[in-house]
> 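There's a structure below that I have some questions on.
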Amino acid sequence: MAHVHGAADRRLRDRRALQQRRGVHDDGLFLTHSDWSQDLVLASDDQDRVGPGLCWPELAALLEAPAGAAGVTDPHARLLLLLPVLGDAAVPEEAVGAVAEALAAEGAPEASEALARRLLQGHPMWGAEDWWFDDDEQSWLCCGDHSPRKVPLGDHLPPRQRAALEACLTPR
């Protein structure tokens, strides 16, 4: 199981983590918090096929780890770990450079732009979808066939916890 503590860990009192799990009935990427009764599913490539779970602005907001954070703190490694959850049809051009830079930082050849573009096309099981920001819900939404984000992420959480979650997924 890999843990990536998010960019706004301090807002959630260091008890939130992104977990990747592999198991018989528990494959996928989940956002977890010790105060929550259940994990929030971002993506799963098991028989349920759930995704995409993040749009580019949310992924970008999670790249920088706060000082003293546990887990994976290198922004390049964080980007590559989160990339399979991404499925955004409108990634900005700077995303290509960010992914190519992350690939090179982790050992890929410097000329990785073509690979970066391919990776930004979305996971093969759900591809890239259209996202929009719902001002009323203060959340990014996606109507992809398999997306868990048809409803706001964490819509079942108490208001204070949901506000903290929204703050950590909102670009600054």
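Side chains are part of it too, since the values below use all heavy atoms of this structure and drop only hydrogens, waters and symmetry mates.
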> List the atom pairs, donor and acceptor, that lie under 3.5 Å between side-chain atoms in residues 148-156 and the rest of the protein, sequence neighbours left out.
residue : atom : partner : partner atom : Å
R149    : NH1  : G53     : O            : 2.7
R149    : NH1  : E58     : OE1          : 3.0
R149    : NH1  : E58     : OE2          : 3.4
R149    : NH2  : E58     : OE2          : 2.7
R149    : NH2  : W140    : O            : 3.1
K150    : NZ   : G144    : O            : 3.3
K150    : NZ   : D145    : O            : 3.2

> Looking at residues at least two apart in the chain, or sitting in another chain, which of them share a side-chain hydrogen bond (donor to acceptor under 3.5 Å, both in side chains) with Q138?
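For Q138 there are no side-chain hydrogen bond (donor to acceptor under 3.5 Å, both in side chains) partners, ignoring immediate neighbours.
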> Using only atom types and a distance under 3.5 Å, with no angle test, would you say the side chain of R78 pairs donor to acceptor with the backbone of V72?
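Judged by distance alone, yes, a pair lies under 3.5 Å.
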> If you round to the nearest 0.5 Å, how far is CG of L86 from CG of L82?
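Separation between the atoms: 9.0 Å.
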> For E101, give me all partners under side-chain hydrogen bond (donor to acceptor under 3.5 Å, both in side chains), at least two apart in sequence or on another chain.
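Residues passing side-chain hydrogen bond (donor to acceptor under 3.5 Å, both in side chains) with E101: H76.
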> How many angstroms lie between SG in C55 and CH2 in W132, if you round to the nearest 0.5 Å?
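CH2 of W132 is found 11.0 Å from SG of C55.
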> Under 3.5 Å, which donor-acceptor pairs do the side chains of residues 113-123 form with other protein atoms, sequence neighbours left out?
residue : atom : partner : partner atom : Å
E113    : OE2  : R117    : NE           : 3.3
E113    : OE2  : R117    : NH2          : 3.2
R117    : NH2  : E93     : OE2          : 2.6
R118    : NH1  : Q121    : OE1          : 3.3
H123    : ND1  : M125    : N            : 3.0

> What pairs of residues pass the salt bridge (charged side-chain N to carboxylate O under 4.0 Å, His left out) test when at least one of them lies in residues 122-144, not counting sequence neighbours?
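Those involving residues 122-144 are E137-R162.
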> If I take atom CG from residue L54 and atom CG from residue L59, how far apart are they, to the nearest 0.5 angstrom?
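Between atom CG of L54 and atom CG of L59 there are 6.0 Å.
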> Rounded to the nearest 0.5 Å, how far apart are CG of L80 and CG of L63?
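Separation between the atoms: 9.5 Å.
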> Enumerate the residue pairs fulfilling ring-ring contact (aromatic ring centres under 6.0 Å, His included) with a member in residues 81-117, sequence neighbours excluded, ordered by first and then second residue.
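For residues 81-117, and leaving out neighbouring residues, there are no ring-ring contact (aromatic ring centres under 6.0 Å, His included) pairs at all.
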> How far apart are the closest heavy atoms of D74 and A77, and which atoms are they?
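That closest heavy-atom pairing would be OD2-N, 2.8 Å.
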> Taking W131 for the side chain and G87 for the main chain, is one N or O donor matched with an acceptor at less than 3.5 Å?
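Side chain of W131 to backbone of G87, a donor-acceptor pair under 3.5 Å: yes, one is there.
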> Work out which heavy atom in W126 is nearest to a heavy atom in V50; give both atom names and the distance.
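Here W126 and V50 meet closest at CZ3-O, 3.2 Å.
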> Does the S147 side chain pair with the main chain of G51, one donor and one acceptor, at a distance under 3.5 Å?
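Checking the backbone N and O of G51 against the side chain of S147, no donor-acceptor pair under 3.5 Å is found.
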